[in-house]
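Below is one structure, written out as structure tokens, with a few remarks after it.
We use all heavy atoms of the structure for the numbers below, so side chains are in, but hydrogens, waters and symmetry mates are not.
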Amino acid sequence: MPLSPSSSALPSATAAIRQLEADLPAHVARSMWRGQDLGGAQGDTVSSGFAELDAELPGGGWPGQSLIEILQPVHHQAEWRLLSPAVAMLLQQGARLLLVGPPHTPGLQGLVPEGVKPQQLVWVQAHTAAERLWAAEQALKAECLSVILVWLPQARPEQLRRLQACASRHAGLCFVIRPLAAQADASAAPLRLRLDLGAWPVPMQVQVLKRRGPLHTRPIVLARWPAGLRPLLPAVLPTVTPPVPRPGVPAGLPATVASATSRPALAHALLDRPDSLGLADRGAPVRAAGAQP
């Protein structure tokens, strides 16, 4: 007849495990976490600028010495909305911002209101996957405080492992921006997030796909618009006044449906491009890298 463990043995075993954890060296203890608990970060963290998101991130913010992977649909390009609060915080401490292979030419008219000074910005024009990976690796090996954003449309798992190894010795933050199609691919990044643009007028939805902690299933709704567009938002945001019924719009429809039929849809991507709204008449127009004037 098999013997079952006595109930009195369980508390003693739990106490022994806790004693072993207490006796671990500090650097080993930081690397341990229980699956049902939110783990800590191995290095310093930087607040994301969103209290709701910080509460779901190990260590309470973006982890340093770690690769952070942001996955989003290719047509959204909402990474600046999500990352600019943390970027501005580190730039105020003297860090530099390195952009490796962005899909469009960085526009200072949009970056300066977000706290990016021209002398702190380094733009690396890298077109192939090999060039992007090499530039990102060299930036991670540099002994300076920096925020690195690298756009990697294609990357193999072993290439991401190499970047993670380099990021583990980097004092700043490193974000890898990838298409949503890469969600099913293996990744060595300890933190992976999915970034979507919510239904109008909700700016962003973030879901944590991978972290040191329990499974995260509830999208986090974050309300933030680009700094350069905030003064202009009252002119483009929908009003709360119920729409006046017009021919072809039944009066019995809900207000949200009637409002949607009485005004043209305004895409999030359009709000990220003030020049397309006719609001950025100052300076030269922003063109994609490699585009002909």
Side-chain angles (χ1 to χ4, degrees), residues 48 50 53 68-87 97 99-111 113-114 116 123-129 131-133 136 148-155 160 175-185 187 189 191-210 219-230 232-233 236-238 260-261 263-280 284-293:
S48 67
F50 306 96
L53 181 57
I68 306 169
E69 191 173 0
I70 308 294
L71 305 171
Q72 63 178 344
V74 293
H75 60 282
H76 278 183
Q77 300 176 11
E79 56 271 22
W80 284 113
R81 299 194 200 180
L82 177 65
L83 304 180
S84 55
V87 170
L97 174 61
L99 308 180
V100 181
H104 300 285
T105 302
L108 288 177
Q109 68 270 32
L111 293 177
E114 298 289 352
V116 179
W123 171 29
V124 181
Q125 289 182 294
H127 304 289
T128 67
E131 291 175 347
R132 296 167 189 256
L133 290 164
I148 302 170
L149 273 67
V150 53
W151 283 260
L152 283 178
Q154 298 103 13
L160 293 178
F175 299 93
V176 175
I177 316 299
R178 304 194 67 202
L180 188 58
Q183 179 175 338
D185 298 344
S187 173
L191 181 61
R192 302 183 83 194
L193 294 89
R194 171 173 176 167
L195 175 59
D196 288 288
L197 294 176
W200 176 262
V202 176
M204 291 184 297
Q205 291 183 345
V206 177
Q207 183 175 351
V208 182
L209 302 176
K210 178 184 177 183
I220 307 169
V221 177
L222 303 177
R224 189 180 190 281
W225 298 99
L229 290 180
R230 288 174 202 155
L232 307 172
L233 286 179
V236 296
L237 283 173
T261 57
R263 60 179 174 82
L266 189 58
H268 285 270
L270 193 61
L271 286 173
D272 280 334
R273 294 295 188 84
D275 55 316
S276 62
L277 288 172
L279 302 173
V286 177
R287 300 189 182 92
Q292 296 297 325

Report the distance from atom [atom1] of [X] to atom [atom2] of [Y], rounding to the nearest 0.5 Å.
X      : Y      : atom1 : atom2 : result
Gln72  : Gln205 : CD    : CD    : 13.5 Å
His75  : Leu180 : NE2   : CG    : 9.5 Å
Arg192 : Asp185 : CZ    : CG    : 7.0 Å
Leu82  : Leu53  : CG    : CG    : 6.5 Å
Met204 : Leu222 : CE    : CG    : 4.5 Å
Ile70  : Arg194 : CD1   : CZ    : 13.0 Å

Does a donor on one side chain sit under 3.5 Å from an acceptor on the other, for Arg178 and Ser187?
-> no
So [Y] and [X], do their side chains get closer than 4.5 Å, heavy atoms only?
X      : Y      : value
Pro85  : Glu114 : no
Gln125 : Pro102 : no
Leu209 : Leu193 : no
Asp196 : Pro219 : no
Leu191 : Val208 : yes

Chi angles and distances behind the side-chain contact (heavy atoms from CB on, under 4.5 Å) call for Ser84, Arg224 = CA-CA 10 Å; Ser84 55; Arg224 189 180 190 281; 2.9 Å; yes
Do Trp123 and Val100 pass the side-chain contact (heavy atoms from CB on, under 4.5 Å) test, and can you show the C-alpha distance, the side-chain angles, and the key distance before you say yes or no?
-> CA-CA 6 Å; Trp123 171 29; Val100 181; over 6 Å; no
Residues two or more places apart in sequence or in another chain: which of them pass ring pair (Phe, Tyr, Trp, His ring centres under 6.0 Å) with Phe175?
-> Trp62
Arg132 and Trp151 have their tightest heavy-atom pair at NH1-O, 2.7 Å
How far apart are the closest heavy atoms of Ala189 and Lys210, and which atoms are they?
-> O-NZ, 3.0 Å
Tell me, with the steps shown, if Leu152 and Leu133 meet side-chain contact (heavy atoms from CB on, under 4.5 Å).
-> CA-CA 8 Å; Leu152 283 178; Leu133 290 164; 3.8 Å; yes
Leu99: which of Val116, Ile148, Leu149 passes side chain to side chain contact (heavy atoms under 4.5 Å, CB included) = Leu149
Evaluate the side-chain contact (heavy atoms from CB on, under 4.5 Å) criterion for residues Trp80 and Leu111: first the C-alpha distance (whole Å), next the side-chain angles of each, then the deciding distance (0.1 Å), finally the verdict.
-> CA-CA 9 Å; Trp80 284 113; Leu111 293 177; 3.8 Å; yes
